[in-house]
Amino acid sequence: MTTEDFTHFPVKTWEKVLSKVKKAVVFMDDKCAETLHWCGGAAVLLEAGARNLKEFSSFEACGVNEPKAVFVVSTLLKGTTVDIIKDIISLSHFQYCIVVTTVAHSVHLLANNVTTEMEASPVFSQFEEKLCEWMGNMNYTAEVMHVPVVFAPVSQQLLLTPMFAHLFPLLSPDLESINAKRPEKKRFGSLVDVDMHALPVELQLEIKSLASALNSVFEATATKVESFAVGPMSRIIAGELANHPQAKNRRKTAPNKASIIFVDRTMDITGAVGHHGDNLVEKILSVLNPLHGHVTDVQVDMLELTSLQRTPHSQTTLAPGCLAQTQSPAAQTLWEAMLTNKHKEAVMEVHRQLVETASKEKLPIKMSMGRVTPEQLCSYIQLFRSSWGALESHCGVLQLGLATAQTLRHPSLLRWDACLAFERLLLQALGDSDFHAVLRQLLPLIKPRGGEDSTTSGRSREDESGPEELILLLVYLYSLAGEAQPADQHTKEVHLEKLEMELIGALTLVITREIELSPLLQKLTGCANPEELTTERAHSAVEEMFVTLRGLSHTRDHLKQLHSVYTASDGVHQATYRPFLRQILEEVFHPDRLECPDIEHMSGGLTDLLKTGFSMFMKVSRPHPSDNSLLFLFLVGGVTPSELRLIKEIVAAHKPGTQVLVLSTRLLRPTDIPELLFTTRRLLPDIGV
């Protein structure tokens, strides 16, 4: 087996849906639409014979001449999902309805409080009857099926699961919420003790749904997997996958073998919010607006490829471009380079591809020496306006070129560099001072934009650090709090509490003085615009944020070996951030095949329990992640583009023969982390219950 077999799996899975769409109008929810987007997009549906593709919404319907509908949803067939399907059918004239859900029938049974395994699919059969009822004739045709169109092949190295984009490891406030509902004697001492049954039903169903989706990949490829986990949430997910009935059968019969390591994002928050990645795609994702309804892809302004004048309405006139270029091999190669190369190398590759493409099309290109500039890239791209054929043939490469140019000239890139510089200063300060002293260095930065300082220095509001950058710096620093020099415990608590009150007040003022609320601030405060936002509301939101921040330095407390992501200065070398993934992979690929106590084997069964017992008095060989030449890394809570490069480099350096495929819930930009930490209701995810 190769990683290609697995990256092709999502496209093959969509073929089951495509076989049903001939002459149908397809209604699809956002998460399934995002998955399809990376598997060929709407074009593959239309090529398969679909008449139209519509949003999954109660405000949509079909005419008399459209008798067939296919619904593709990423949720349980319960609650709002059922209401929307019923609304669309009631307003239309369907005689044939097919419903495809990404959630397995076994999860539907659990959602209906049925715990026994069944051969048939009674929940789906009952729903088929309801569909006929809503269509108005029990003789009409209805089909309900489970197809796991869950994975988006974002690159040759990465599969994402948009359906689980908001699944994030539990934090200390979540432990308090779980314990609050339990008798005092049965409360958990830490997140490591929390088991599946202690979680709210909604989260249990989401985890079971993810385990089922992963199982479908390994079932389709006849792969026996040894599961390993690092972190509390990863232990639960890995345990679910290991205990899946089909996984137990595969352990006896599957011809192919692989290892999978689940890692909680909370093991390394520093790497996700830091600006040290030196990666072009990380910057593109951060500065360009997300594509509507998508978590990963962004909007690329296509105006440069037209003769239209830029006006306030030009963006709504012209459909945006994007990063997912599944139809062009040249664009796919360029995307891989952008995703896994260093920033400078990626920009040079974009430049080289544009020059090569323009030369091939015999366009009048003017070469210039020196640094690649956004203006230079745009001048090459604009040449294609004169040749419709060339524009159509190379549209994929041109969109990636535009995304690069628009990012390089974006005003917020200056703030990126400012954040990076300050993070480096904080990193050095942590080795010399206690946490209180380092945190105090942030206080002078936390001031409203457009104040007296900016007027005298001649900086615009866009050049100044806003609330998002300040929140990112706070997350960065609190995630490293345990690395600071120790201080007297009582003095530390008193001083820290006082300083935090000052920080809360200062940040509240900054947020209330914003002219416009960013998406993060809207989610943080629950207000859509500054007019709605009161000081009390902002203060309350910031206070809650600090409750979560305080727990960030303790996320690795339970680990015995990999408990730090910081290397202090030794007088010769500066203090550095040491990525958690690097440490894990160095342990996995260690030539002595050492057993790391923090990478827990979860593929149990009776054999493993017996081995654990025997190991007390004799040497027993336990499974090791490096046993198999195929390794999956599942980052629960997201992976950054710079981590993809890191993984690629470490594998090449330590064990070139190993194939590594990364799976994750989302591709992270730094600002995603505050949203996931402070605004995602981790204990009540949306799975349509």
J.: ring-ring contact (aromatic ring centres under 6.0 Å, His included) for F634 and F228? Distances and angles first, verdict last.
T.: CA-CA 10 Å; F634 195 112; F228 301 85; over 10 Å; no

J.: Would you say the side chains of T161 and T665 form a donor-acceptor pair under 3.5 Å?
T.: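 No.
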
J.: Enter the distance from M163:CE to E206:CD here, rounded to the nearest 0.5 Å.
T.: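 Those atoms lie 6.5 Å apart.
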
J.: Is there a side-chain contact between I284 and L323 in this structure, where contact means two heavy atoms from C-beta onward sitting under 4.5 Å apart?
T.: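 Of all side-chain heavy-atom pairs linking L323 with I284, at least one is under 4.5 Å.
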
J.: Without swapping roles, check the side chain of D193 against the backbone of F188 for a donor-acceptor pair under 3.5 Å.
T.: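 Not confirmed, D193 side chain does not pair with F188 backbone.
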
J.: Can you tell me how far apart CZ (F435) and CG (L496) are? Round to the nearest 0.5 Å.
T.: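 Taking CZ in F435 and CG in L496, the distance rounds to 6.0 Å.
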
J.: Do the ring planes of F632 and F218 sit parallel (below 30°), tilted (30 to 60°) or perpendicular (above 60°)?
T.: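 Geometry flag for F218 against F632: perpendicular rings.
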
J.: Looking only at heavy atoms, which two atoms of C419 and L473 are closest? And how far apart?
T.: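 Looking at all heavy atoms of both residues, the closest pair is O-CD2, 4.2 Å.
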
J.: As an exercise, state the distance from CG of L668 to CD of E675, rounded to the nearest 0.5 Å.
T.: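 Rounded to the nearest 0.5 Å, the CG-CD separation comes out at 10.5 Å.
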
J.: Looking at residues at least two apart in the chain, or sitting in another chain, which of them share a ring-ring contact (aromatic ring centres under 6.0 Å, His included) with H294?
T.: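 With neighbours one apart ignored, the set is H37.
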
J.: Would you confirm whether D598, through its side chain, and L559, through its main-chain N or O, come within 3.5 Å as a donor-acceptor pair?
T.: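 Not a single qualifying donor-acceptor pair exists.
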
J.: For the backbone of L427 and the side chain of Y566, can you confirm whether one donor and one acceptor N or O come within less than 3.5 Å of each other?
T.: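 Yes.
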
J.: Please assess E468 against R415 for the test salt bridge (Lys or Arg N to Asp or Glu O under 4.0 Å), listing each intermediate value before the final yes or no.
T.: CA-CA 11 Å; E468 288 88 351; R415 302 206 296 272; 5.9 Å; no

J.: Taking L171's backbone N and O only, do any of them form a donor-acceptor pair with D174's side chain (distance below 3.5 Å, no angle check)?
T.: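 Present.
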
J.: With no hydrogens and no angle check, is any side-chain donor or acceptor of D297 less than 3.5 Å from a backbone partner on L291?
T.: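 Checked: no pair found.
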
J.: Is there a donor-acceptor pair closer than 3.5 Å between any side-chain N or O of Q522 and the backbone N or O of C527?
T.: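 No.
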
J.: Thinking salt bridges, do R578 and E586 make one under a 4.0 Å N-O criterion?
T.: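 Yes, R578 and E586 are salt-bridged.
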
J.: For Q574, does the CD atom have more than 12 heavy-atom neighbours from other residues, nucleotides or ligands under 6.0 Å away?
T.: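 Counting other residues, nucleotides and ligands, CD of Q574 stays at 12 neighbours or fewer.
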
J.: Between the main-chain N or O of T296 and the side-chain N or O of R669, is there a donor-acceptor pair closer than 3.5 Å?
T.: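 Such a contact is found between R669 side chain and T296 backbone.
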
J.: Out of the candidates L241, V230, I236, L635, only one should pair with F262 under the side-chain contact (heavy atoms from CB on, under 4.5 Å) rule; please name it.
T.: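 That would be L241.
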
J.: Is it the case that over 12 heavy atoms from other parts of the model lie below 6.0 angstrom from the CD atom of Q156?
T.: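 Incorrect, the count does not exceed 12.
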
J.: Any chance you could measure Q157, atom CD, to L661, atom CG, to the nearest 0.5 Å?
T.: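 Those atoms lie 8.0 Å apart.
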
J.: Show your working on ring-ring contact (aromatic ring centres under 6.0 Å, His included) between F151 and F6 and close with a plain yes or no.
T.: CA-CA 10 Å; F151 298 95; F6 293 90; 10.0 Å; no

J.: I'd like to know if the side chain of N279 and the backbone of V281 have a donor-acceptor N/O pair within less than 3.5 Å.
T.: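 Yes, N279 side chain to V281 backbone: donor-acceptor pair under 3.5 Å.
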
J.: Taking atom types as modelled, is there a side-chain donor on Q325 or Q332 under 3.5 Å from an acceptor on the other?
T.: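 No, because no side-chain N or O of Q325 sits under 3.5 Å from a partner of the opposite role on Q332.
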
J.: Could you check whether atom CE of M196 has more than 12 heavy atoms from other residues, nucleotides or ligands sitting under 6.0 Å from it?
T.: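 It does: M196 CE has more than 12 such atoms within range.
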
J.: Between S259 and P625 (side chain of the first, backbone of the second, donor and acceptor by atom type, cut-off under 3.5 Å), is there such a pair?
T.: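 Yes: the side chain of S259 pairs with the backbone of P625.
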
J.: side-chain hydrogen bond (donor to acceptor under 3.5 Å, both in side chains) for S564 and E483? Distances and angles first, verdict last.
T.: CA-CA 8 Å; S564 176; E483 313 293 349; 3.0 Å; yes

J.: Sub-3.5 Å donor-acceptor pair from the side chain of R265 to the main-chain atoms of G638, do we have one?
T.: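 Yes, because the side chain of R265 sits within donor-acceptor range (under 3.5 Å) of the backbone of G638.
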
